[in-house]
K.L.:
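I have a structure I would like to understand better, so I am pasting it below and will then ask my questions one at a time.
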Number of protein chains: 2
Amino acid sequence: MRLSTKGRYGIRAMLVLARRYGEGPVPLKEVAEIESLSEAYLEQLVSELRKAGLVRSVRGAQGGYLLAKDPAIITTGDIIRVLEGPIGPVQCVVEFPGTDTCDCAESCVERLLWKRLRDSMVQVLDSITLADLMAEEKKLNPSSGTGDRSC
Amino acid sequence: MRLSTKGRYGIRAMLVLARRYGEGPVPLKEVAEIESLSEAYLEQLVSELRKAGLVRSVRGAQGGYLLAKDPAIITTGDIIRVLEGPIGPVQCVVEFPGTDTCDCAESCVERLLWKRLRDSMVQVLDSITLADLMAEEKKLNPSSGTGDRSC
DNA sequence: TTAATCCCTAGTAATCCACTCGGCTTGGTC
DNA sequence: GACCAAGCCGAGTGGATTACTAGGGATTAA
């Protein structure tokens with residue numbers, strides 16, 4: 001019941017961009033350094049975020065990535081959905097189901113349980129934006145605003 | 001962000017035992033048939049549930065498994081914890097952390113997000129018991145009480 | 001023109017998942 | 001007491017997934 005690194009790194013990367021919102025593109029190399037992540041790997045994640053319209057890119061020297069929207073309207077759910085797929089503890093109660101909802105459909109109580117679990121996950125993830133996280137960050141350590149991590 | 005089959009099958013198996021609570025041991029073969037699962041695989045899961053004290057076993061002919069407690073006091077969280085490990089979307093905010101909480105500990109906003117997600121998952125799973133599921137089941141399909149599944 | 005930067009595809013080692021298999025022990029039943 | 005139904009246990013395995021790495025373009029500011 002764990003997120004993969006994609007979701008976790010994705011949130012971290014987006015938070016870096018959020019802190020620099022309005023200051024022009026941030027090169028991926030810098031994001032990778034700040035978060036101590038592999039640049040090449042991060043590139044793949046950010047590429048997905050770009051295709052999903054959450055970040056914009058500027059190519060060429062002096063280029064980089066920036067948030068495509070205000071941090072206040074990008075939710076953590078948006079990010080997780082792009083990188084981990086639709087939210088839900090089991091395939092058959094996932095949001096926006098594709099072809100594979102199971103047959104038992106209505107007569108199955110487990111589904112009810114999983115739906116409730118899914119809804120509570122969705123509720124949390126969709127209610128927390130990047131701006132929210134930045135605000136909490138200020139409360140946590142008002143001193144350094146960099147967000148650099150030691151670990 | 002998905003459960004593995006262990007958690008899913010585990011809930012299904014426990015639900016079978018819950019429906020037969022008070023009627024003596026149910027052989028695993030029967031559970032496997034009702035739920036269309038591999039008996040050998042199921043054996044591993046049930047074995048963990050037994051070691052955790054959620055089911056009891058009766059060896060020898062006419063033996064099988066039974067719930068170790070009333071369905072009303074076994075929560076879905078209990079079952080999931082045994083089969084999937086402590087609940088939490090990332091290792092570092094898992095319940096009952098072992099050695100590996102991360103260093104960033106307090107200064108890290110992501111942790112805050114993951115904690116909230118974890119708490120909402122725990123809340124749902126710990127509030128729903130096997131008895132609750134059986135009650136819902138009655139409401140869903142009052143006709144057949146077997147719980148046999150076609151899929 | 002150079003260098004910084006994004007873009008894309010392919011490969012890969014390690015790990016994990018979802019099982020299967022085979023043999024052992026226990027204990028009713030005949 | 002033999003037989004057989006059942007639980008108990010550990011090892012093995014094929015396939016999928018994860019978390020990357022590598023390398024070669026394309027784009028553009030300086």
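Scope of the values below: all heavy atoms of this structure, side chains included, with no hydrogens, waters or symmetry mates. Residue numbering restarts at 1 for every chain, and letters A, B, ... go by the order of the sequence lines.
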K.L.:
Considering only nitrogen or oxygen atoms on both sides, find all protein atoms under 3.5 Å from nucleotides 18-28 of chain D and state each distance.
P.N.:
{"residue": "D:dA19", "atom": "OP2", "partner": "A:Thr5", "partner atom": "N", "Å": "3.1"}
{"residue": "D:dA19", "atom": "OP2", "partner": "A:Thr5", "partner atom": "OG1", "Å": "2.9"}
{"residue": "D:dA19", "atom": "O5'", "partner": "A:Thr5", "partner atom": "OG1", "Å": "3.4"}
{"residue": "D:dC20", "atom": "OP2", "partner": "A:Tyr9", "partner atom": "OH", "Å": "2.9"}
{"residue": "D:dC20", "atom": "N4", "partner": "A:Gln44", "partner atom": "NE2", "Å": "3.4"}
{"residue": "D:dT21", "atom": "OP2", "partner": "A:Ser38", "partner atom": "OG", "Å": "2.6"}
{"residue": "D:dT21", "atom": "O4", "partner": "A:Gln44", "partner atom": "NE2", "Å": "2.6"}
{"residue": "D:dA26", "atom": "N3", "partner": "A:Arg59", "partner atom": "NH2", "Å": "3.2"}

K.L.:
Apply side chain to side chain contact (heavy atoms under 4.5 Å, CB included) to A:Asp119 and list each qualifying residue two or more places apart in sequence or on a separate chain.
P.N.:
none

K.L.:
Applying side chain to side chain contact (heavy atoms under 4.5 Å, CB included), name anything that partners A:Glu84, two or more places apart in sequence or on another chain.
P.N.:
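With sequence neighbours excluded, A:Glu84 shows a side chain to side chain contact (heavy atoms under 4.5 Å, CB included) to A:Leu3, A:Ser4, A:Lys6, A:Ile80, given in chain and number order.
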
K.L.:
Rounded to the nearest angstrom, tell me the gap between atom CZ in B:Arg56 and atom C1' in D:dC8.
P.N.:
17 Å

K.L.:
Enter the distance from B:Lys69:NZ to B:Asp78:CG here, rounded to the nearest 0.5 Å.
P.N.:
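These two atoms lie 5.5 Å from each other.
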
K.L.:
Give a yes or no on whether a salt bridge exists between A:Asp126 and A:Arg81, defined as a side-chain N under 4.0 angstrom from a carboxylate O.
P.N.:
yes

K.L.:
Which part of the nucleic acid, if any, lies within contact of B:Val58, taking any heavy atom under 4.0 Å across all strands shown: a base, the sugar-phosphate backbone alone, or nothing?
P.N.:
sugar-phosphate

K.L.:
Same cluster or not: B:Ile34 versus A:Val109, using hydrophobic residues (I, L, V, M, F, W, Y) connected whenever any side-chain heavy atoms lie under 4.5 Å apart?
P.N.:
yes

K.L.:
Write down the distance between CG (B:Leu42) and P (D:dC8), rounded to a whole number of angstrom.
P.N.:
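About 13 Å, once rounded to whole Å.
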
K.L.:
Kindly write out the residues that satisfy side chain to side chain contact (heavy atoms under 4.5 Å, CB included) with A:Ala32, not counting sequence neighbours, or none if the list is empty.
P.N.:
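Result, side chain to side chain contact (heavy atoms under 4.5 Å, CB included) vs A:Ala32: A:Glu39, A:Leu42.
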
K.L.:
Near B:Arg2 CZ, under 6.0 Å, is it more than 12 heavy atoms from other residues, nucleotides or ligands?
P.N.:
yes

K.L.:
Roughly how many Å is it from OH in B:Tyr65 to P in D:dA6, rounded to a whole number?
P.N.:
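Atom-to-atom, B:Tyr65 to D:dA6, this comes out as 12 Å.
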
K.L.:
With sequence neighbours left out, write down each residue that passes salt bridge (charged side-chain N to carboxylate O under 4.0 Å, His left out) with B:Arg116, or none if nothing qualifies.
P.N.:
A:Glu136

K.L.:
Going 5' to 3' along DNA chain C, which are the first and last nucleotides with any atom under 4.0 Å from a heavy atom of chain A?
P.N.:
C:dA4 to C:dA10

